[in-house]
Amino acid sequence: MRVTDSTIEPEKLRDELLDAAAGAYVGFEGWIRNQNEGQAVLRLEYEVYEPLAIKEGEIVIAEAKAKFPILHAQCVHRSGLLEIGECAVWVGVTSAHRDEAFAACRYIIDQVKVRLPIWKKEHYVEGHSGWVNCERCAEHKDARSAKKVAV
Amino acid sequence: MRVTDSTIEPEKLRDELLDAAAGAYVGFEGWIRNQNEGQAVLRLEYEVYEPLAIKEGEIVIAEAKAKFPILHAQCVHRSGLLEIGECAVWVGVTSAHRDEAFAACRYIIDQVKVRLPIWKKEHYVEGHSGWVNCERCAEHKDARSAKKVAV
Amino acid sequence: MKKNITVRYFAGFREHAGLGEEDLSIDAATASDVYEQLKHRHGSSEPQGHCKVAINDEMADWNSPINDGDTVLLFPPVAGG
Amino acid sequence: MKKNITVRYFAGFREHAGLGEEDLSIDAATASDVYEQLKHRHGSSEPQGHCKVAINDEMADWNSPINDGDTVLLFPPVAGG
């Protein structure tokens, strides 16, 4: 697990996972979208508490290796200010067969998103900005709103 | 869908899928492993019947786009002689969110492997060579062998 | 009634037949008939369902009809990726 | 009994508190007590379960005990990726 304040280069990171025994490579990249929940986004700012983000990320990767018979796995997350189209997070996994590469890559990104001390602030085209809520919290709130509407 | 007899360059192919509305990119690469079913592999030879491989590959990609709300998808398959570690097939998918990018990428590689007129001949370290059976046929045969053992 | 067709063999089928293509006069109603009657050529012991067939560069079913002048492509089990 | 601790605020919590870190003397048995008593500082209306806490750079539970000299890190809901 690494945190970086400069551009993520997926190709170089992928090359670190090369292995003559690997038949499958799955790579995931999270990119900055130009909109979120209906608002036009200008750029994003990532705050990362590095010591614990790295510690927790290493735990997630170790869990993936214990759960799935993979060869290598790595994750790199950006910090700082990112523009539309930039890569915010990269996950790469290699394994003998594709099943486990897909499963482990998915596991790592899902866990990274909900467990690592990382926050993002969206700067909107209209000028204001706001901290983005976590996926699970958003779902939770949606559920609550839905209930209210139903009542 | 493309077929090429020269080195697949995932980074360049990925760049073709860039989109300001994309929040997720999932890439799959199939690499030549140094062994298959217990035999040490020296290199692989891919025979591709291009006109129909491209036609059928385009159908698979169109199916993926119909099934999942993705933005872009592409697949490139190698032909000719490949050495250990070389990329035999690449699939890339972009979408707003990661669920559908993972699902569509998986769908495309699964279908490509069983539907496109492509064959591979393994050249073994021990000198002989052999055409590799399709995944489904191999599973079918395994099932038959397993039955025999059970009896 | 015999039909004049062109048959193309791929991968292992081609190696067994010793050639990639041949013109034949054959009494076959469907693609399946072609496959069965040419077993001595493609040499396959695979169930037909593991193999594929195309007619005039279109993927076809084994029960697709064969017409005079057709090009029939016989594909052994595919293994891309 | 009051304990002397250091509290660190992150992201939205830090912005609301107007500072990233402060030393406090607080009557708190658990991390949960710290969170509840500092609501006026971090300003969060989030359920505690949406937030996370670390003590001395180790992820902790809300019912983890607080000791004199601890550094307590208060994390608003995370949103990596």
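Side-chain atoms are counted along with the backbone in the values below, which use heavy atoms only and exclude waters and symmetry mates. Chain letters run A, B, ... following the sequence lines, proteins first and then strands; every chain starts at 1.
- Of all residues in residues 45-63 of chain A, those placing a non-hydrogen atom less than 4.5 angstrom from a non-hydrogen atom of chain D are A/Y46, A/E47, A/Y49, A/P51, A/L52, A/K55, A/E56.
- Residue pairs satisfying the salt bridge (charged side-chain N to carboxylate O under 4.0 Å, His left out) criterion with at least one member in residues 67-94 of chain A, sequence neighbours excluded, are listed as follows: A/R43-A/E83, A/R78-A/E86.
- Listed by first and then second residue, the salt bridge (charged side-chain N to carboxylate O under 4.0 Å, His left out) pairs involving residues 24-38 of chain D are D/E36-D/K39 (not counting sequence neighbours).
- With contacts defined as side-chain heavy-atom distances shorter than 4.5 Å, the pair A/W119/D/P76 qualifies.
- In this structure, A/V114 and D/V78 approach most closely via the heavy-atom pair O-CG2, 3.3 Å.
- Formation of a donor-acceptor pair under 3.5 Å by the A/K120 side chain with backbone atoms of D/G81 is found in this model.
- In this structure a side-chain-to-backbone donor-acceptor pair under 3.5 Å is missing from A/H77 to D/G80.
- Interface with chain A: from residues 12-19 of chain D, residues D/G12, D/R14, D/E15 qualify, criterion being any non-hydrogen pair under 4.5 Å.
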